[in-house]
A.B. asks: 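Dumping the structure here so I can ask a few things about it.
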Amino acid sequence: MGRRTVTVHHVRAVLAGARRGGLDTVPLLQEAQIPPLLLGDDRARVTPAQFARLFRALYRATQDEFLGLSGVPSRPGTFAMMCYAALGCRDLGGAVERSAAFYGLFAGGPELGLEVEGGRARFTVRNEFARDEERFLTECVLAIWHRLSSWLIGQRIPLAYASFAYPAPPHEAEYEILFGCPVRFGERLTGAAVGFDAHWLTAPLVRDEPALDAMLRRAPFDLLSRPEYGTTVAEQVRRTLTQQLRNSPRLPELGEVAGRLAVSPATLRRRLREEGTSFQELKDHVRRDAAIAGLAESGEPIAELAARLGFSEDTAFHRAFRRWTGTTPGAYRIASGGQDVLGRQGRRSGPSGTHREGTDDEIGAVPHGRVNSATRA
């Protein structure tokens with residue numbers, strides 16, 4: 001229930017390469033259990049499991065780690081070999097430089113750079129990909145690099161900023177969720193960059209090959225999904241709300257959450273505002289994500305789902321869901337196959353006849369040696 005849903009903008013963007021290559025995307029969406037009609041509404045969202053299934057379907061269809069978003073395809077296994085090469089370095093700085101050199105050997109790949117000045121470091125993607133009109137691949141390169149780097153040293157690297165040369169897109173609000181830092185658009189640079197404290201470059205690598213093997217079996221989606229380390233106030237509030245919603249339909253008020261975090265309500269409100277969000281927005285997002293997951297991944301009756309999420313009337317839930325996604329709960333469930341629980345791909349029986357989505361390992365697994373990565377780290 002607690003995992004963030006994915007904006008339809010990213011669904012459209014990840015399909016662009018396959019569509020341009022002449023592939024019929026409707027079967028791919030159906031395999032992922034994503035209603036094709038959702039792509040026409042900018043408010044629509046999908047679950048992480050649906051998005052992961054779409055990645056797998058695209059990878060199998062394109063046999064390209066870039067999913068057709070670059071002018072030159074990337075052979076399956078390239079990302080894995082880069083990871084193994086980087087793993088032999090003593091510290092993160094060496095791993096970043098080696099990965100940049102590795103991809104410099106391949107035409108059409110990302111042109112990566114690392115700049116250090118005055119105690120600050122900047123990781124850049126200097127080129128634009130020929131078929132990446134939505135810049136999805138460029139953004140994923142940055143996100144995957146950050147997740148992979150943090151994974152290699154066993155600590156989350158706080159980002160000071162993420163900057164992009166192009167103007168802010170309509171889904172600008174999604175970027176702070178993706179990167180967890182202030183985001184700037186229209187910057188004077190080529191491509192995109194993230195900044196961080198340079199001391200992280202001296203951090204030793206703490207992973208070994210068995211751990212890397214396990215991580216690669218879940219790549220790239222685990223690397224694209226932003227882990228919530230609880231290092232921001234918004235993450236702590238979201239985690240508190242998500243845990244409460246698992247046990248009760250009544251979400252706590254701001255004062256209650258402030259008490260749990262040992263701050264005053266005014267301080268909590270101010271810190272959330274500084275992070276670009278609000279308590280009410282976080283409550284809405286937690287309910288929205290739980291509603292989408294419940295409709296897409298279970299056979300729970302809509303009335304029971306509405307009550308579990310704290311809505312006193314079905315009509316109030318219908319109004320809220322339409323505001324969140326542009327469609328009704330019933331239409332979303334039918335289109336995504338949520339009513340046909342038995343025997344659906346990626347689902348299996350749980351206790352007492354209930355059904356639950358496959359585990360993360362099942363969602364992301366690909367054959368060893370053919371590790372799927374839509375982007376490069």
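Everything numeric here is computed off the predicted structure, so don't read it as measured data. Numbers for residues simply follow the sequence, beginning at 1.
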A.B. asks: Between Cys181 and Glu176, which heavy-atom pair has the shortest distance, and what is it?
C.D. replies: O-CG, 3.5 Å
A.B. asks: Does the plane of the ring in Phe311 sit parallel, tilted or perpendicular to the ring in Trp324? Use 30° and 60° as the thresholds.
C.D. replies: perpendicular
A.B. asks: Between Glu275 and Ala234, is there a donor-acceptor pair closer than 3.5 Å when you use the side chain of the first and the backbone of the second?
C.D. replies: yes
A.B. asks: Do Leu205 and Ile153 come within less than 4.5 Å of each other through their side chains, counting heavy atoms only?
C.D. replies: yes
A.B. asks: Between Ser150 (side chain) and Arg147 (backbone), is there a donor-acceptor pair under 3.5 Å?
C.D. replies: no
A.B. asks: Once you measure the plane-to-plane angle for His10 and Phe136, does it fall in the parallel (<30°), tilted (30-60°) or perpendicular (>60°) bin?
C.D. replies: tilted
A.B. asks: Determine whether the aromatic ring centres of Phe196 and Trp145 lie less than 6.0 Å apart.
C.D. replies: yes
A.B. asks: In terms of relative ring orientation, are Phe317 and Phe321 parallel, tilted or perpendicular, with 30° and 60° separating the classes?
C.D. replies: tilted
A.B. asks: Do Arg287 side-chain atoms and Leu309 backbone N/O form a donor-acceptor pair below 3.5 Å?
C.D. replies: yes
A.B. asks: For the residue pair Ala86 and Ala95, what are the closest heavy atoms and their distance?
C.D. replies: O-CB, 3.8 Å
A.B. asks: Please report the shortest heavy-atom distance between Thr328 and Arg322, naming the atom on each side.
C.D. replies: CG2-NH2, 2.9 Å
A.B. asks: Quick one: closest heavy-atom pair of Leu54 and Leu28, and the distance?
C.D. replies: CD1-O, 3.9 Å
A.B. asks: Quick check: do Val286 and Lys283 have side-chain heavy atoms less than 4.5 Å from each other?
C.D. replies: no
A.B. asks: Is it true that Phe55 and Phe51 have ring centroids separated by less than 6.0 Å?
C.D. replies: yes
